[in-house]
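Take a look at the structure set out below.
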Amino acid sequence: MSQSNNTYCVIMAGGIGSRFWPMSRSNRPKQFLDILGTGESLLQQTYRRFLPLCKPENILVVTHASYTDMVMRQLPDLPKENILAEPSRRNTAPCIAFASYKISKFNPNANIIIAPSDHLVTNEKEFVRVMETALQATENQNLLVTLGIKPSRPDTGYGYIQFTQENLPDHEEVHKVKTFTEKPDLDMAHYFMESGEFLWNSGMFVWNVSSILEALERYLPEINAVFLEGVHELNTPGEEAFIAKAYAVCKNISIDYGVMEKAGNVFVLPADFGWSDLGTWGSLYDHMPKDSNGNAIGGNNAILYDSKDCVVQLPGNKLAVLQGLEDFIIVDSENALLVCRKSEEQQIKEFVNEVKVSRGDEFV
């Protein structure tokens with residue numbers, strides 16, 4: 001499949017990335033950082049990954065209004081009008097409704113990929129093949145397709161998708177979804193992996209524009225009504241004022257909870273293209289080079305003694321001497337230092353909230 005005029009991609013780039021604190025800050029969150037040391041930010045990698053599938057003028061980036069200048073600097077080839085500025089964070093359902101209604105005015109035959117801006121994909125050739133398969137399935141059918149990742153370990157940090165053996169005619173890889181499951185405990189995660197019926201929920205979706213608008217109307221009628229009322233303002237000078245009003249009344253809800261868990265026409269495409277959501281320092285550790293003691297070190301001046309299996313991230317000119325640490329996260333960034341057990345990294349979000357309450361916005 002070559003690039004189609006009907007193929008659109010929506011990149012969601014509005015999050016704060018608080019679990020990557022203190023490197024990720026509210027004024028420069030992780031999607032704008034070169035976390036992997038590749039010379040590209042995660043957003044730039046995501047944008048480039050979609051170019052074989054989608055023309056630049058058909059790529060939209062939805063982000064918080066305060067980040068639009070950063071998007072423009074990092075993606076200079078993206079048309080300015082393709083940056084959709086959200087006045088406030090309302091989770092993924094309003095974000096997807098905004099983009100979908102906007103695209104519907106450009107092209108009522110649009111076939112849309114939805115993707116987060118901060119994921120890692122190591123096998124980009126297979127990624128393109130999987131996306132092409134999904135686009136072919138959704139092009140002329142009323143389907144909501146999600147990409148499920150074949151689990152490589154019993155991970156408790158991901159939601160899971162259970163699928164059946166029922167598949168689409170002419171698309172044997174695409175299976176009917178049975179259930180969506182929240183993050184499990186370790187025993188349940190082992191069971192999920194051994195059963196072969198469960199996939200990690202990647203947060204990537206493919207559908208045609210009429211299918212998602214129909215689903216929004218049916219399962220999220222309040223949000224749908226808000227955007228439908230002002231759809232004539234989209235792609236006009238009145239868009240910004242309309243979106244400000246719309247987001248003021250939209251509830252905060254994810255597309256998974258609002259639509260995908262309720263709809264009857266949800267299918268999943270199992271995929272294996274070296275995916276990680278890079279949601280935590282621990283997930284980054286898995287993809288960083290390590291020394292002979294299993295330490296993953298970012299920065300040039302860390303000296304470790306009697307330490308193993310640590311993540312160390314330092315500014316380029318900072319020297320740190322660390323002794324006697326095992327399985328720790330050590331991150332020094334700007335005016336904040338984090339030292340945390342890797343096994344308890346899910347608490348980092350709580351740490352950030354406490355810092356904000358007790359010390360104000362300066363440190364977050």
L228 with Y247, same ILVMFWY side-chain cluster at under 4.5 Å: yes
Qualifying residue for side-chain contact (heavy atoms from CB on, under 4.5 Å) with E86, from V62, I243, T63: V62
Backbone of G39 reached by a side-chain donor or acceptor of D34 within 3.5 Å: yes
S18 side chain to K349 backbone, donor-acceptor under 3.5 Å: no
N/O donor-acceptor pair under 3.5 Å between N293 side chain and N295 backbone: no
Main-chain N/O of E57 paired to N82 side chain as donor or acceptor, under 3.5 Å: yes
Verdict with supporting geometry, F192 and W200, ring-ring contact (aromatic ring centres under 6.0 Å, His included): CA-CA 10 Å; F192 285 173; W200 289 336; over 10 Å; no
Criterion side chain to side chain contact (heavy atoms under 4.5 Å, CB included) on V312 and L304, from CA distance to verdict: CA-CA 10 Å; V312 182; L304 275 68; 4.3 Å; yes
Salt bridge (Lys or Arg N to Asp or Glu O under 4.0 Å) partner of E239, chosen from K245, K102, K105: K102
Single-linkage hydrophobic cluster I255~L147, side-chain heavy atoms < 4.5 angstrom: no
Carboxylate-amine/guanidinium contact K150 D272, below 4.0 Å: no
ring-ring contact (aromatic ring centres under 6.0 Å, His included) assessment of F50 paired with Y8: CA-CA 10 Å; F50 283 107; Y8 287 75; over 10 Å; no
Test: K183 cationic atom under 6.0 Å from Y158 six-membered ring centre, within 45° of axis: no
Distance-only donor-acceptor check, side chains N91 and Y257, under 3.5 Å: no
F127 side chain reached by N123 side chain, heavy atoms, under 4.5 Å: no
4.5 Å side-chain heavy-atom contact, E182 and N201: no
Step-by-step side chain to side chain contact (heavy atoms under 4.5 Å, CB included) determination, Q45 to L36: CA-CA 11 Å; Q45 286 189 26; L36 294 161; 4.0 Å; yes
Short side-chain donor-acceptor distance under 3.5 Å, S211 and N208: yes
NZ (K356) with more than 12 external heavy atoms under 6.0 Å: no
Intermediate values then yes/no, side chain to side chain contact (heavy atoms under 4.5 Å, CB included), V268 and V177: CA-CA 6 Å; V268 64; V177 167; 3.7 Å; yes
Aromatic ring proximity W281/F20, centre distance under 6.0 Å: yes
Side-chain H-bond candidate by donor/acceptor type, E214 with N142, under 3.5 Å: yes
Set of salt bridge (Lys or Arg N to Asp or Glu O under 4.0 Å) partners for R28, sequence neighbours left out: none
Which atom of C340 lies closest to which atom of E344, heavy atoms considered: SG-O, 4.0 Å
Least distance between heavy atoms, I16 atom then S26 atom: CG2-CA, 4.0 Å
P29 backbone acceptor or donor facing S24 side chain under 3.5 Å: no
Side-chain donor/acceptor of R89 to backbone N/O of G15, under 3.5 Å: no
Full working for side-chain hydrogen bond (donor to acceptor under 3.5 Å, both in side chains) between Y47 and D77: CA-CA 10 Å; Y47 174 80; D77 294 337; 5.0 Å; no
Full working for side-chain hydrogen bond (donor to acceptor under 3.5 Å, both in side chains) between N5 and K55: CA-CA 8 Å; N5 289 331; K55 298 175 180 180; 2.3 Å; yes
Co-membership, hydrophobic cluster, residues L143 and M260, 4.5 Å side-chain: no
Criterion side-chain hydrogen bond (donor to acceptor under 3.5 Å, both in side chains) on Q136 and E139, from CA distance to verdict: CA-CA 5 Å; Q136 288 163 3; E139 188 173 16; over 6 Å; no
Steps toward salt bridge (charged side-chain N to carboxylate O under 4.0 Å, His left out) verdict (R48, E40): CA-CA 10 Å; R48 179 180 48 75; E40 289 182 307; 3.0 Å; yes
F227 and F98 aromatic ring geometry - parallel, tilted or perpendicular at 30°/60° bounds: parallel
Donor-acceptor contact below 3.5 Å, side chain K290 vs main chain M288: yes
Residue from T138, N140, N6 passing side chain to side chain donor-acceptor pair (under 3.5 Å) with N111: T138
Salt-bridge contact E354-R359 (side-chain N to carboxylate O under 4.0 Å): no
Lys/Arg-Asp/Glu bridge criterion (N-O < 4.0 Å) met for E126, R129: yes
Closest non-hydrogen atom pair, M204 against M131: SD-CE, 4.0 Å
